[in-house]
Amino acid sequence: MTDTPLYLRAIRGEDTPYAPVWFMRQAGRHLPEYRKLKETYSFWELARDPALACEVTLQPVRRYGVDAAILFQDIMTPLPPMGVDIDFKPGPVIADPIRSRAQVDALRVPETDEIAPFVADAIQLIRNETSTPLIGFGGAPLTLATYLIQGSGSKDYAQFRGFLRSDPAAAHALLDKLTEVSIRYLTMQVEAGAQAIQLFDSWAGLHDPATYAEFARPYNVRVFEALGALDVPRIYLAVNSLHLFDTIAGMPMDAISVDWRQPLTMVRERIPGVVVQGNLDPAWLLGPRDALLEQVDRVLTDGLGGAHVFNLGHGMMREIDPGQVQAVVDRVRAFDRSASR
Ligand code: CP3
């Protein structure tokens, strides 16, 4: 049991002596070695070639020695086989956004092995290359629907929020298909070797609790219940979701990843019984080193008294200097949680 990597111990609920650390978007444009590959390959080319996807996944593992790798893909990866044309500029752009019931009905629900066979290959390569635990992931159904209906990132997501009101039955039909595809896709990741699964609900916070209860929660629960049967740790990320905590609590998940707007101590009270992951504001990595390290200590102190996985409150930004990231990793490693109790 003592050989079990720190990350897998913490994510299964153990109050470990040191907090494991990884970063959302640890692979990507803040890394010079990633930008170098981007001179030759587009995002989809990197993601769809198992050897390249494996290489990019391992870049931050090699550079920083983080405690977990996260698969290099995007939340949009499983959607093209449904019949959706997606480009990255750099955020996802949908060629023909879903705005009618007929478009929802025309979407395919592909068989598991049609969804993204290159992902299974990439996962196997990564597992062969490293003993660092590998996190797989997908988008939560409502967050996937946000992009499919809106068509791209947006300030207020008016088209999307309007669609939920003007044709709720079509929205539910879309969410049902996205849930089924997500379950197949994530099951495939676990069977290929992913050791934990994070569900990214990046746009959950747009909604009031009643809308979340109707359009998000039941679909997340279906995904988590399907994963529960596979005995894999399930992590839920809901950005900007303090107002939703009472509705999120009780979903069948093992860990919750939260942003910097709420202290981890409060998260533990409001969403009991799950591991907490987070929650340094990535903007501190753009500030002076001493203030950054002070904030790392604050997050680590807030995380005492239960299992804690150190992470950012949201993804790494392109402007972040890798030297700052390394300083965070070193600081987390030096923080002895058993001495601080
Ligand atoms: O290192 C990792 O975290 C794994 C890789 C990863 C990517 N996307 C690669 C990527 C992960 C976990 C994601 C998830 C994702 N994608 C989310 C959920 C997380 C979150 O941030 O809330 C969302 C909402 C998306 C949609 C998406 N894809 C956006 C908004 C963007 C633009 C991001 C940016 O940096 O401007 C993308 C493109 C994308 N996904 C890139 C990468 C590395 C940049 C592509 C490039 O290099 O040009």
Side-chain angles (χ1 to χ4, degrees), residues 21-48 52-64 66-80 84 86-94 116 119 122-123 126 132 134-148 150-155 157 160 182 185-186 189 194 196-206 235-241 257-260 277-279 281-282 309 311-320 322 325:
V21 49
W22 67 279
F23 302 98
M24 285 186 274
R25 294 276 174 90
Q26 62 190 14
R29 289 179 300 163
H30 89 284
L31 285 179
E33 53 270 39
Y34 176 79
R35 290 200 300 267
K36 184 100 189 77
L37 282 174
K38 279 299 298 278
E39 289 170 14
T40 311
Y41 304 103
S42 69
F43 175 78
W44 274 134
E45 285 169 334
L46 289 176
R48 287 180 175 154
L52 289 170
C54 169
E55 167 59 24
V56 177
T57 299
L58 294 178
Q59 284 178 344
V61 175
R62 288 194 205 107
R63 182 187 271 265
Y64 302 123
V66 281
D67 292 290
I70 181 158
L71 179 66
F72 184 75
Q73 285 298 329
D74 193 78
I75 56 170
M76 308 310 282
T77 295
L79 304 187
V84 187
I86 302 163
D87 203 357
F88 287 93
K89 298 180 175 176
V93 178
I94 313 298
V119 168
I123 289 173
I126 297 161
T132 301
L134 176 65
I135 302 168
F137 72 92
L142 192 63
T143 283
L144 297 174
T146 310
Y147 284 108
L148 286 182
Q150 186 67 33
S152 65
S154 154
K155 191 160 50 71
Y157 289 95
F160 168 62
S182 297
Y185 176 57
L186 294 171
Q189 290 186 33
I197 294 289
Q198 179 155 320
L199 199 64
F200 284 93
D201 213 350
S202 307
W203 295 111
L206 283 173
I235 309 142
Y236 180 62
L237 167 97
V239 181
N240 211 350
S241 62
S257 188
V258 292
D259 69 38
W260 56 90
Q277 174 178 283
N279 67 346
D281 183 344
V309 175
N311 206 310
L312 304 177
H314 203 170
M316 194 90 84
M317 303 166 213
R318 186 188 38 178
E319 296 79 7
I320 288 172
V325 181

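For the numbers below, each heavy atom of this structure counts, side chains included, while hydrogens, waters and symmetry mates do not. Because the structure is a prediction, the values reported are computed rather than measured. Note that ligands are numbered from 1 as they come in the structure, with each ligand's atoms numbered from 1 the same way.
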Starting from [atom], locate the nearest protein heavy atom and write down its residue, its atom name and how far away it is, to 0.1 Å.
{"atom": "atom 24 (C) of ligand 1", "answer": "Tyr147 OH, 3.4 Å"}
{"atom": "atom 3 (O) of ligand 1", "answer": "Arg25 N, 2.6 Å"}
{"atom": "atom 31 (C) of ligand 1", "answer": "Gly91 CA, 3.5 Å"}
{"atom": "atom 11 (C) of ligand 1", "answer": "Phe137 CZ, 3.6 Å"}
{"atom": "atom 14 (C) of ligand 1", "answer": "Ile75 CG2, 3.8 Å"}

> Taking C-beta and beyond as the side chain, do Arg63 and Pro32 meet within less than 4.5 Å on heavy atoms?
Replying inline: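 Counting from C-beta outward, Arg63 and Pro32 do come under 4.5 Å.
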>> Side chains of Gln277 and Trp22, heavy atoms from C-beta outward: is any pair under 4.5 Å?
In response: yes
>> Just to be sure I read this right, does ligand 1 sit under 4.0 Å from the backbone of Met76, its side chain, both, or neither, counting only heavy atoms?
In response: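 It is neither part, as no heavy atom is under 4.0 Å.
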>> With a heavy-atom distance limit of 4.0 Å, tell me whether Thr143 approaches ligand 1 through its side chain, its backbone, both, or neither.
In response: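 Answer for Thr143: neither.
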> Ignoring hydrogens and geometry, is there a side-chain-to-backbone donor-acceptor pair from Gln189 to Ala194 under 3.5 Å?
Replying inline: no
> Is the backbone of Leu52 close enough, under 3.5 Å, to the side chain of Glu45 for a donor and an acceptor to pair up by distance?
Replying inline: no
Validation: residues 138-145 side-chain donor-acceptor distances under 3.5 Å, sequence neighbours left out:
residue : atom : partner : partner atom : Å
Thr143  : OG1  : Asp201  : OD1          : 2.7
Thr143  : OG1  : Ser202  : N            : 3.1
Thr143  : OG1  : Trp203  : N            : 3.1

>> Within this structure, what is the CG-CD1 distance for the pair Leu186 and Ile197, rounded to the nearest 0.5 Å?
In response: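 Atom-to-atom, Leu186:CG and Ile197:CD1 are 5.0 Å apart.
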> Roughly how far apart are Leu237 CG and Asn279 CG, rounded to 0.5 Å?
Replying inline: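 Output value for this atom pair is 11.5 Å.
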Could you name the option among [options] that has the heavy atom nearest to [atom]?
{"atom": "atom 1 (O) of ligand 1", "options": "Ser42, Ala69, Ala238, Ala27", "result": "Ala27"}
{"atom": "atom 7 (C) of ligand 1", "options": "Gln73, His30, Met24", "result": "Gln73"}
{"atom": "atom 10 (C) of ligand 1", "options": "Trp22, Phe43, Tyr34, Phe88", "result": "Phe43"}
{"atom": "atom 29 (C) of ligand 1", "options": "Pro92, Ser257, Gly28, Ala140", "result": "Pro92"}

Numbered atoms of ligand 1 (with element) below 4.0 Å of [X], judged on heavy atoms:
{"X": "Arg29", "value": "34 (C), 35 (O), 36 (O), 44 (C), 46 (C), 47 (O), 48 (O)"}
{"X": "Ser202", "value": "18 (C), 19 (C), 20 (C), 22 (O), 24 (C)"}
{"X": "Phe200", "value": "12 (C), 18 (C), 19 (C)"}
{"X": "Pro90", "value": "31 (C), 32 (C), 36 (O), 37 (C), 38 (C), 48 (O)"}
{"X": "Lys38", "value": "46 (C), 47 (O), 48 (O)"}
{"X": "His314", "value": "20 (C), 21 (O), 22 (O)"}
{"X": "Ile70", "value": "1 (O), 2 (C), 3 (O), 4 (C)"}

For ligand 1, which is the ligand I care about here, please tell me if [X] has any N or O atom under 3.5 Å from one of the ligand's N or O atoms.
{"X": "Asp74", "result": "yes"}
{"X": "Trp203", "result": "no"}
{"X": "Val239", "result": "no"}

> When you look at Ser257 and Met24, which way does the side-chain contact (heavy atoms from CB on, under 4.5 Å) test go after all the steps?
Replying inline: CA-CA 10 Å; Ser257 188; Met24 285 186 274; 3.8 Å; yes
> For atom CZ of Phe88, is the number of surrounding heavy atoms from other residues, nucleotides or ligands below 6.0 Å larger than 12?
Replying inline: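 More than 12 heavy atoms, drawn from other residues, nucleotides or ligands, come within 6.0 Å of this atom.
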>> For a quick test of reading the model, state the closest non-hydrogen atom pair linking Pro282 to Gly315 and the distance between them.
In response: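 For Pro282 versus Gly315, the nearest heavy atoms are CG-O, 3.7 Å.
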> Which pair of heavy atoms, one from Thr77 and one from Ala116, lies closest together, and at what distance?
Replying inline: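 That would be CG2-CB, 4.1 Å.
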> Can you name the residues that form a ring pair (Phe, Tyr, Trp, His ring centres under 6.0 Å) with Phe72, not counting sequence neighbours?
Replying inline: Tyr34, Phe43
>> For a salt bridge (Lys or Arg N to Asp or Glu O under 4.0 Å) check, start with the C-alpha distance between Lys36 and Glu39, then their side-chain angles and the critical distance, and finish with the verdict.
In response: CA-CA 5 Å; Lys36 184 100 189 77; Glu39 289 170 14; 3.6 Å; yes
> Are Leu71 and ligand 1 in contact, using a heavy-atom cut-off of under 4.0 Å?
Replying inline: yes
